[in-house]
S.K.: 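Sharing a structure below in structure tokens format, with a few things to ask.
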Amino acid sequence: MYTQAMDTAARDGHASVSALAPTAREQRFEARIAAGEYVEPKDWMPDHYRRTLVRQISQHAHSEIVGMLPEGNWITRAPTLKRKAILLAKVQDEGGHGLYLYAAAETLGTSRDEMIEALHDGHAKYSSIFNYPTLTWADVGVIGWLVDGAAIMNQIPLCRCSYGPYARAMIRVCREESFHQRQGFDALYAMMTQGTRAQRDMVQDAVNRWWWPSLMMFGPPDGESTHSEQSMRWGIKRIGNDELRQKFIDAAVELAKVLGVDLPDPQLKWSPERGHHDHGPIDWDEFWRVVGGDGPCNRDRLAARVRAREEGAWVREAAMAHARKRAARDTAAQALAA
Ligand code: BYC
């Protein structure tokens with residue numbers, strides 16, 4: 001795995017950062033952020049910056065892994081072989097995203113075991129959106145269109161996050177999310193343009209159920225966001241929760257017209273003064289309930305992850321035993337050759 005040691009040696013002819021007073025180090029760190037430089041794992045960083053990143057990146061990783069569950073529910077029941085192959089590939093991509101992100105978080109001095117333990121004992125969060133059930137095949141399309149669409153809107157600015165390993169992971173993740181979003185839209189478009197009345201109703205019903213939870217993915221309003229101000233100052237977040245949510249709404253309205261579905265908000269209308277769509281109130285009580293563990297599927301999602309960890313223990317043990325055997329063989333071969 002990545003080294004977790006902090007290298008404070010002098011670089012580029014500058015004095016060693018460890019020789020400087022903490023405030024001078026902090027000032028130098030802030031200046032690097034202001035100059036748009038990336039922070040790398042071996043660079044000095046304030047402890048709060050490190051903890052903020054571990055929190056956000058690990059929660060993001062958990063979201064990708066828990067996010068495999070609602071769609072995974074439909075792999076065995078996809079309507080055609082083509083859709084099944086696409087869904088399998090998509091769910092596998094989400095697993096890959098989780099792994100890049102755990103690896104990025106490990107560069108900050110935490111371990112995958114610690115992160116997973118924090119998820120399983122309820123300390124770490126994952127995206128609220130994955131606590132809703134996937135009741136019909138249309139839900140899979142709507143997750144691609146709205147959930148992956150919201151994820152892309154949120155994640156494109158993270159490609160410019162000040163922490164290098166996270167920013168680089170996000171570039172690849174965003175490319176794949178873009179494919180995910182289009183596959184969802186394509187599945188819905190097929191149902192809306194070639195489907196039966198019942199299939200079109202099924203799509204509308206799924207849109208009705210996922211629209212508001214998708215808006216909640218961007219987090220609480222800026223005024224209630226605990227971390228936004230500091231995260232924006234450090235270049236971890238580049239755009240606030242409300243602005244991203246608004247961008248998402250504006251884009252979704254146009255795509256809903258192409259699909260021929262209604263968005264379930266009677267107050268949704270274009271405001272020429274603002275140059276954006278106004279929208280109705282979001283139920284933040286529901287959001288906090290779900291984030292607090294009391295959504296429709298929270299208990300099932302966590303139980304599924306805990307079970308997977310327990311049932312996979314023998315695979316991890318076997319891999320470790322194999323690695324030990326291989327290392328012993330290599331050492332013996334080297335001793336023989338010497
Ligand atoms: N759900 O101060 P705030 C995907 C928490 S997966 C749950 O604004 P921040 C996909 C927040 O953690 C994509 N909790 O926080 C996968 C904080 O609590 P703590 C998931 C939420 O971090 C499979 C508190 O509320 N994307 O695309 O500045 C299939 C106050 O919030 C949520 C990411 O993880 C929420 N929705 O901003 C398909 C993106 N929102 O930690 C698709 C990376 C807020 O103090 N993360 N909270 O206990 C971010 O960009 C930011 O962390 C957020 C929140 C915008 C989400």
Side-chain angles (χ1 to χ4, degrees), residues 60 63-64 66-75 77-80 82-94 97 127-158 173-219 244-265 268 276-277 279-280 282 296-297:
H60 192 163
S63 304
E64 299 283 357
V66 177
M68 297 167 78
L69 297 169
E71 290 173 289
N73 181 36
W74 280 89
I75 290 173
R77 290 174 289 157
T80 65
K82 175 181 139 183
R83 296 285 172 202
K84 187 188 186 92
I86 292 171
L87 184 58
L88 263 173
K90 178 186 190 289
V91 172
Q92 185 174 302
D93 283 352
E94 309 296 359
H97 297 173
S127 184
S128 49
I129 194 75
F130 301 117
N131 292 306
Y132 292 85
T134 40
L135 303 179
T136 68
W137 170 251
D139 289 35
V140 172
V142 171
I143 288 181
W145 173 39
L146 293 180
V147 175
D148 288 289
I152 295 169
M153 198 58 92
N154 166 266
Q155 289 170 190
I156 294 278
L158 293 176
V173 168
C174 283
R175 285 196 189 122
E176 292 177 355
E177 293 294 7
S178 157
F179 154 75
H180 296 172
Q181 201 251 355
R182 278 178 279 169
Q183 68 79 34
F185 189 83
D186 178 69
L188 297 178
Y189 192 73
M191 281 186 270
M192 291 305 288
T193 55
Q194 299 156 38
T196 61
R197 178 66 207 245
Q199 286 170 326
R200 291 197 297 277
D201 289 348
M202 184 171 77
V203 172
Q204 182 63 59
D205 172 64
V207 171
N208 293 348
R209 286 182 288 106
W210 288 91
W211 173 247
W212 293 105
S214 299
L215 301 189
M216 295 172 193
M217 281 178 74
F218 296 93
L244 285 172
R245 188 171 11 254
Q246 182 71 65
K247 277 170 176 269
F248 171 72
I249 292 171
D250 291 339
V253 166
E254 298 311 316
L255 290 171
K257 285 183 200 156
V258 177
L259 278 179
V261 294
D262 294 324
L263 296 174
D265 179 358
L268 193 62
H276 291 292
H277 292 84
H279 61 86
I282 296 171
C297 300

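It should be emphasised that the depicted structure is a prediction, and the values quoted were computed from it without experimental measurement.
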S.K.: Using modelled atom types only, decide if a donor and an acceptor are shared between the side chain of Trp137 and the backbone of Pro79 within a distance under 3.5 Å.
M.R.: no
S.K.: With heavy-atom distances below 4.5 Å as the criterion, would you say the side chains of Val207 and Leu263 are in contact?
M.R.: yes
S.K.: Taking the inter-plane angle between the rings of Phe248 and Trp211 on a 0 to 90° scale, is it parallel (under 30°), tilted (30 to 60°) or perpendicular (over 60°)?
M.R.: parallel
S.K.: Can a donor-acceptor pair be found, under 3.5 Å and without considering hydrogens, that links the side chain of Asp265 to the backbone of His279?
M.R.: no
S.K.: Can you tell me how far the CZ atom of Phe179 sits from the SG atom of Cys174, to the nearest 0.5 Å?
M.R.: 15.0 Å
S.K.: To the nearest 0.5 angstrom, please state how far the CG atom of Asp186 sits from the CE atom of Met191.
M.R.: 9.5 Å
S.K.: What is the minimum heavy-atom distance between His97 and Glu176, and which atoms define it?
M.R.: NE2-OE1, 2.6 Å
S.K.: For the residue pair Met202 and Thr136, what are the closest heavy atoms and their distance?
M.R.: CG-OG1, 3.5 Å
S.K.: Hey, what do you get for CG (Leu244) to CD1 (Ile249), rounding to the nearest 0.5 Å?
M.R.: 11.0 Å
S.K.: Hey, what do you get for CG (Asp148) to CD (Gln155), rounding to the nearest 0.5 Å?
M.R.: 8.5 Å
S.K.: Nearest 0.5 angstrom please: Met68 CE to Glu64 CD, how far?
M.R.: 9.5 Å
S.K.: Run Glu177 and His180 through side-chain hydrogen bond (donor to acceptor under 3.5 Å, both in side chains) and show every step you take.
M.R.: CA-CA 5 Å; Glu177 293 294 7; His180 296 172; 3.2 Å; yes
S.K.: Taking 4.0 angstrom as the limit, do Arg175 and Asp93 come out as a salt bridge?
M.R.: no
S.K.: Looking at Gln183 and Leu87, would you say the former's side chain and the latter's main chain have a donor-acceptor pair under 3.5 Å?
M.R.: no
S.K.: Looking at side-chain heavy atoms only, is the closest gap between Gln181 and Leu255 below 4.5 Å?
M.R.: yes
S.K.: To the nearest 0.5 angstrom, please state how far the CD1 atom of Ile129 sits from the CH2 atom of Trp212.
M.R.: 13.0 Å
S.K.: For the residue pair Val140 and Arg83, establish whether any side-chain heavy-atom pair is separated by less than 4.5 Å.
M.R.: no
S.K.: Could you tell me if the side chain of Pro70 sits less than 4.5 Å from the side chain of Tyr132, heavy atoms only?
M.R.: no
S.K.: How close do Pro133 and Pro296 get, heavy atom to heavy atom, and via which atoms?
M.R.: CD-CB, 4.1 Å
S.K.: Kindly indicate whether the side chain of Trp210, heavy atoms from C-beta on, has any atom under 4.5 Å from the side chain of Val147.
M.R.: yes
S.K.: Do Trp145 and Val261 come close enough that some side-chain heavy atom pair is under 4.5 Å?
M.R.: yes
S.K.: Can you name the closest pair of heavy atoms from Ser63 and Ser127 and give their distance?
M.R.: OG-N, 2.9 Å
S.K.: Checking Asp139 side chain against Leu135 main chain: does a donor-acceptor pair fall under 3.5 Å?
M.R.: yes
S.K.: If you take all heavy atoms of Val91 and Gly72, which pair is closest and at what distance?
M.R.: CG2-N, 4.2 Å
S.K.: Is there a donor-acceptor contact under 3.5 Å from the side chain of Glu254 to the main chain of Ala251?
M.R.: no
S.K.: So, Asp250 side chain and His277 main chain: donor-acceptor pair closer than 3.5 Å or not?
M.R.: yes
S.K.: What are the two closest heavy atoms between Met217 and Ala150, and how far apart are they?
M.R.: SD-CB, 3.8 Å
